[in-house]
Amino acid sequence: MGVELLVTAAVGCLTAADLAANVPGSREDDWLSWTLLAVSVLGLLAHRRRPLLSAGVTGAASLGWTVHGHLGELLNLPVMVALYWVAVRGDRRRTLRVGVAGALLSGAAAVVAGHEQGRPVPSPVLEMAIPLVPLLLGEVVRGRQELTRRAAEEHARETARRLREERVLLARELHDVIAHTVSAMTVQAGVALDAFDRRPEVARAALRQVRDSGKEAVRELRTTVAFLREDGAAAPVVPAPTLAHLPDLVERVPLPVALRCSPGPPPLPPLVELTAYRVVQEALTNVVKHSAARHAAVSVRAAPGRLLVEVTDDGPPVARPGRAAGGFGLLGMRERVSAAGGTLEHGPLPAGGYRVLALLPLGDGARPTEDGHRPAENDARPGRDG
């Protein structure tokens with residue numbers, strides 16, 4: 001309200017000074033002239049809150065001056081300020097309607113004012129253009145404001161999208177590291193507990209495996225957390241796992257796993273190697289957590305233009321009490337494979353057991369969608385998920 005009062009006072013003073021100047025050929029100021037000024041100033045008070053009403057009141061006063069015979073360069077200033085805010089606070093359709101009405105009324109008032117003998121005749125064309133100038137200026141300002149607002153909204157949407165992707169990536173990495181390692185440690189700890197009294201050498205070997213798995217998990221967690229630090233003082237970062245690390249991964253699984261890895265001539269794309277490793281890691285984790293398998297097999301082989309990653313086991317699914325139905329393992333695998341441009345298949349085998357098959361392109365086959373992933377496939381297929 002304070003800004004409105006200051007603008008209204010400034011415009012009112014300039015208009016009053018022009019009205020009192022009585023330029024040659026203009027009618028002398030009288031009570032009607034000052035009454036119209038008071039009406040115009042009162043109407044201008046609402047130019048920000050109710051610009052259309054303000055334009056109507058100040059426009060009526062301006063037309064009254066014209067018809068009454070008053071001429072002056074600043075008598076149209078109140079209505080011009082009000083029309084500017086009509087355009088800034090409205091839309092293009094309203095600006096067009098107000099512009100047409102204002103131009104027609106201004107031109108008609110100029111024609112009426114010129115009918116009396118001995119009175120200076122204002123130009124109807126010039127009078128019709130007067131209301132259009134502030135409207136056009138207001139449209140330009142409003143257009144720039146809309147562009148700025150849209151740019152800010154688009155930036156906010158893009159920032160939110162990137163944050164969602166980062167959260168999904170972080171959750172996927174933590175799940176891959178923790179779920180696999182903790183599952184293996186739990187099984188090995190159970191073995192050590194069962195063999196503690198009768199076979200202490202087996203218990204010691206299992207506990208050593210628990211210790212090694214814990215150290216590996218801590219190293220990978222430090223690597224993940226290092227990317228989240230804001231001060232740039234990152235912790236020592238271990239290299240991302242590749243297919244060369246599959247033997248170590250298989251060795252930590254608490255059941256026999258047959259590994260066959262022939263990925264073709266190196267070098268493979270780093271994203272493909274990391275994705276293949278994580279698929280094997282998560283699939284073996286699901287075998288340990290959700291099946292009664294006695295054996296598993298991992299096959300990584302090259303095909304024309306793609307890499308085939310297959311994990312199978314021979315065990316039926318096991319329902320574990322207290323475990324929630326459905327997890328994030330298969331979802332994470334689908335997201336990883338889709339981000340690399342590949343496809344994922346999973347489901348039970350006809351002869352028993354379960355299979356996970358990922359097809360990863362070795363060239364520029366990845367065509368992610370707007371959110372960075374291709375649509376997930378085989379979602380309706382039954383699965384063991386952790």
Side-chain angles (χ1 to χ4, degrees), residues 164-165 167-180 183 240-243 245-246 249-250 253 257 259-264 268-291 293 296-315 317 325-350 352-386:
R164 286 194 300 270
E165 291 181 354
R167 285 197 296 267
V168 170
L169 177 61
L170 176 61
R172 197 162 56 215
E173 291 292 337
L174 291 176
H175 178 274
D176 289 345
V177 173
I178 296 176
H180 172 79
S183 297
T242 63
L243 296 180
H245 296 88
L246 284 181
L249 174 66
V250 168
V253 178
V257 178
L259 174 63
R260 177 189 172 191
C261 185
S262 54
L268 295 177
L271 177 61
V272 172
E273 288 212 48
L274 177 60
T275 302
Y277 180 91
R278 292 303 191 194
V279 167
V280 173
Q281 183 184 50
E282 181 57 37
L284 290 178
T285 300
N286 286 345
V287 172
V288 173
K289 294 172 62 177
H290 302 295
S291 78
V298 176
S299 174
V300 180
R301 61 189 185 275
R306 58 184 179 173
L307 186 71
L308 280 66
V309 181
E310 185 179 32
V311 180
T312 60
D313 66 79
D314 59 0
F328 297 100
L330 291 175
L331 175 62
M333 280 193 284
R334 279 194 293 266
E335 290 175 344
R336 281 190 179 277
V337 173
S338 297
T343 57
L344 181 73
E345 299 177 5
H346 58 83
L349 296 172
Y354 201 81
R355 182 182 76 157
V356 173
L357 176 63
L359 307 176
L360 304 173
L362 296 178
D364 297 331
R367 289 185 293 272
T369 57
E370 291 182 358
D371 62 350
H373 305 294
R374 285 173 41 165
E377 302 183 14
N378 306 302
D379 287 349
R381 207 174 281 200
R384 299 195 299 243
D385 202 354

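Reckoned from all heavy atoms, side chains included, excluding hydrogens, waters and symmetry mates.
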Do Val311 and Asp313 have side chains that approach each other closer than 4.5 Å (heavy atoms only, starting at C-beta)?
no
How about Val309 and Leu357: do any of their side-chain heavy atoms sit closer than 4.5 Å?
no
Would you please say whether a donor-acceptor pair under 3.5 Å links the side chains of His245 and Tyr277?
no
I'd like to check the salt bridge (Lys or Arg N to Asp or Glu O under 4.0 Å) partners of Arg301; sequence neighbours left out, ordered by chain and number.
Glu310
For residues Val300 and Ser262, determine if any side-chain heavy atom of one lies less than 4.5 Å from a side-chain heavy atom of the other.
no
Heavy atoms only: give me the nearest Pro361-Ala340 pair and the separation to one decimal.
CG-O, 3.5 Å
Could you report the tightest heavy-atom contact between Ala339 and Leu271, atom names first, then the distance?
O-CD2, 4.3 Å
With side chains defined as the heavy atoms from C-beta onward, is the minimum distance between Asn286 and Met333 less than 4.5 Å?
yes
Note: Leu243 and Cys261 closest approach over all heavy atoms is CB-SG, 4.4 Å
Any chance you could measure Thr275, atom OG1, to Leu268, atom CG, to the nearest 0.5 Å?
11.5 Å
Residue from Leu344, Val272, Thr343, Val279 passing side chain to side chain contact (heavy atoms under 4.5 Å, CB included) with Leu360:
Val272
Run through Val287, Val250, Leu249, Val280 and flag the one making a side chain to side chain contact (heavy atoms under 4.5 Å, CB included) with Val257.
Val250
With side chains defined as the heavy atoms from C-beta onward, is the minimum distance between Arg355 and Glu345 less than 4.5 Å?
yes
Heavy-atom closest pair, residues Gly315 and Ser291
O-CB, 4.2 Å
Can you name the closest pair of heavy atoms from Thr242 and Glu273 and give their distance?
CB-OE1, 3.1 Å
